[in-house]
Each structure stands twice: as structure tokens, then as C-alpha cells.
Amino acid sequence: MDPLDDLHDRLGTFLGALGLETAHRPGGVTAVQVDDVPVLLSGFVEDGATWLRLVALARVEVTPSVALLHHLTSLNRDLLVGAFQLFEDGTIGVSATLPGGMLDAHTLERVLRYVGGVAARERPAFIALGGGAPWRPDAPASPGEDTPPC
């Protein structure tokens with residue numbers, strides 16, 4: 001079986017067991033809601049290894065500022081997993097990448113809840129510092145959905 005197909009099958013099983021509704025997006029991206037924050041999941045292969053990228057979309061269409069960038073940098077110091085990113089289109093996301101070959105349901109749940117929770121917690125600060133809007137499921141593909149490996 002193709003490694004990405006295997007990852008996709010296991011991901012579907014894990015998300016179903018967690019009771020999370022999924023929506024499929026272009027490019028093999030799966031979207032779920034965690035703490036009222038959309039989290040996009042996509043698999044990829046790099047140097048023969050399978051990986052799963054999770055991007056919790058905290059805000060879209062923000063206006064970058066020095067204060068916002070400083071806040072993102074200070075948040076990144078304290079994150080347990082992943083990093084906040086500001087994409088070119090003004091999307092702020094919390095991105096984490098996990099090894100897909102050994103991914104288990106417990107690890108996926110913990111990281112999903114962590115990145116979704118951090119994004120939800122910081123949303124008021126992002127609104128105050130950069131405005132923006134919530135992500136909509138009918139929105140065009142976001143940079144966080146199809147980003148090459150970091």
C-alpha cells in the first residue's frame with residue numbers, strides 16, 4: 001500500500017474514533033474543528049518518510065504589524081509543539097508536523113487538541129493586533145493547506 005494512502009486510512013480511523021467530523025479539501029487536505037478552530041491536516045513524503053502536517057487556523061486576512069510579529073515570536077518561545085506562522089495572505093496558523101509512519105491515535109489527539117487550543121486562546125490577541133476574520137470552510141485554499149515541508 002502507498003504510504004500516503006496508509007496514512008490517510010489511519011487518519012480517517014483515528015478522527016472517526018475521536019468523533020470529529022471531517023471535511024475534505026483540495027489536495028488531499030482534511031479539515032476538522034477543534035475548540036472552534038479549524039485544523040487542516042495533510043500528509044506528505046520527504047526523503048522516503050511519511051509526515052502529517054497540522055495547521056490550526058487562528059485567523060485569516062490579518063494586517064501584519066511589528067507588534068503582531070513580536071507577539072508571534074514570543075508565543076513560539078513557549079509552545080510545546082509546533083510554531084505560529086504568518087502566511088503571505090495574512091493567515092495566522094499554528095503548525096505542527098508529526099512522523100506519519102508511527103502516528104498513533106493518542107499522539108494525534110493530543111497534538112490536535114494542543115494546536116487547536118493554543119489557536120483559540122490567542123485569537124483575541126490576534127484580533128486586537130491584526131484584525132482579520134475567521135476562516136470559512138468555503139474559503140479558497142489557504143497557504144497552510146498546501147505548504148511544502150519546513
Side-chain angles (χ1 to χ4, degrees), residues 3-4 6-23 25 27-62 64-135 137 141-150:
L4 282 178
D6 177 58
L7 176 61
H8 182 75
D9 290 348
R10 286 185 297 125
L11 186 59
T13 301
F14 297 160
L15 294 173
L18 294 173
L20 295 173
E21 286 188 37
T22 61
R25 305 271 300 156
V29 173
T30 300
V32 298
Q33 288 284 127
V34 177
D35 288 337
D36 198 33
V37 171
V39 181
L40 307 177
L41 301 101
S42 60
F44 63 94
V45 176
E46 178 72 23
D47 292 330
T50 307
W51 300 89
L52 178 69
R53 172 156 302 128
L54 300 85
V55 181
L57 298 176
R59 209 76 187 140
V60 297
E61 301 171 3
V62 299
S65 66
V66 172
L68 177 62
L69 295 174
H70 177 69
H71 185 65
L72 290 171
T73 302
S74 67
L75 291 172
N76 282 340
R77 272 194 319 255
D78 299 327
L79 285 180
L80 298 176
V81 174
F84 276 98
Q85 296 177 316
L86 176 60
F87 294 98
E88 290 176 0
D89 71 347
T91 299
I92 296 176
V94 185
S95 176
T97 304
L98 303 173
M102 60 181 92
L103 184 67
D104 62 72
H106 177 72
T107 301
L108 177 63
E109 178 181 19
R110 290 193 66 175
V111 174
L112 266 173
R113 300 217 183 277
Y114 182 76
V115 297
V118 169
R121 182 188 74 215
E122 293 302 324
R123 190 175 1 204
F126 297 147
I127 292 168
L129 293 169
W135 182 79
S142 165
E145 290 188 59
D146 193 26
T147 339
C150 297

Just wondering, more than 12 heavy atoms not from H8 lying within 6.0 Å of its NE2? no
Hey, does R123 have a side-chain heavy atom less than 4.5 Å from the side chain of R59? yes
Minimum heavy-atom distance between L79 and G82, given as atom pair plus value: CD1-O, 3.7 Å
Rounded to the nearest 0.5 Å, what separation is found between the CG atom of L54 and the OG1 atom of T97? 8.0 Å
Point-to-point distance, once rounded to the nearest 0.5 Å, from CG of L108 to CZ of R113: 9.5 Å
Nearest 0.5 angstrom please: Q85 CD to L72 CG, how far? 10.0 Å
Heavy atoms of A96 and V115 approach each other most closely as CB-CG1, 4.1 Å
How close do W51 and L7 get, counting heavy atoms only, and between which atoms? O-CD2, 3.6 Å
Using atom types as modelled and distance alone, determine if a side-chain donor or acceptor of R10 lies under 3.5 Å from a backbone N or O of G100. yes
Please say which of L57, L112, V111 ends up in a side chain to side chain contact (heavy atoms under 4.5 Å, CB included) with V39. L112
Give the intermediate values and the outcome of side chain to side chain contact (heavy atoms under 4.5 Å, CB included) for residues L52 and L41. CA-CA 7 Å; L52 178 69; L41 301 101; 4.1 Å; yes
Full working for side chain to side chain contact (heavy atoms under 4.5 Å, CB included) between V37 and V94: CA-CA 11 Å; V37 171; V94 185; over 6 Å; no
Start with the C-alpha gap between T107 and M102, add the side-chain angles, then the distance that decides, and say whether side chain to side chain contact (heavy atoms under 4.5 Å, CB included) holds. CA-CA 10 Å; T107 301; M102 60 181 92; over 6 Å; no
Between the side chain of N76 and the main-chain N/O of F84, is any donor-acceptor distance below 3.5 Å? yes
Not counting sequence neighbours, which residues clear side-chain contact (heavy atoms from CB on, under 4.5 Å) with A58? List them please. I92, A119, F126
Approximate separation, where rounding is to 0.5 Å, of R110 CZ and L98 CG: 12.0 Å
Would V81 and V118 count as a side chain to side chain contact (heavy atoms under 4.5 Å, CB included) if you check the C-alpha gap in whole Å, the side-chain angles of each, and the deciding distance to 0.1 Å? CA-CA 10 Å; V81 174; V118 169; over 6 Å; no
Could you pull out the closest heavy-atom pair between A31 and R25, with the gap in Å? CB-CG, 4.2 Å
Closest contact, heavy atoms only, V29 versus S42: CG2-CB, 3.9 Å
Would you compute the distance between atom CD of E109 and atom CG of L15 and round it to the nearest 0.5 angstrom? 10.5 Å
Least distance between heavy atoms, S65 atom then L129 atom: OG-O, 3.7 Å
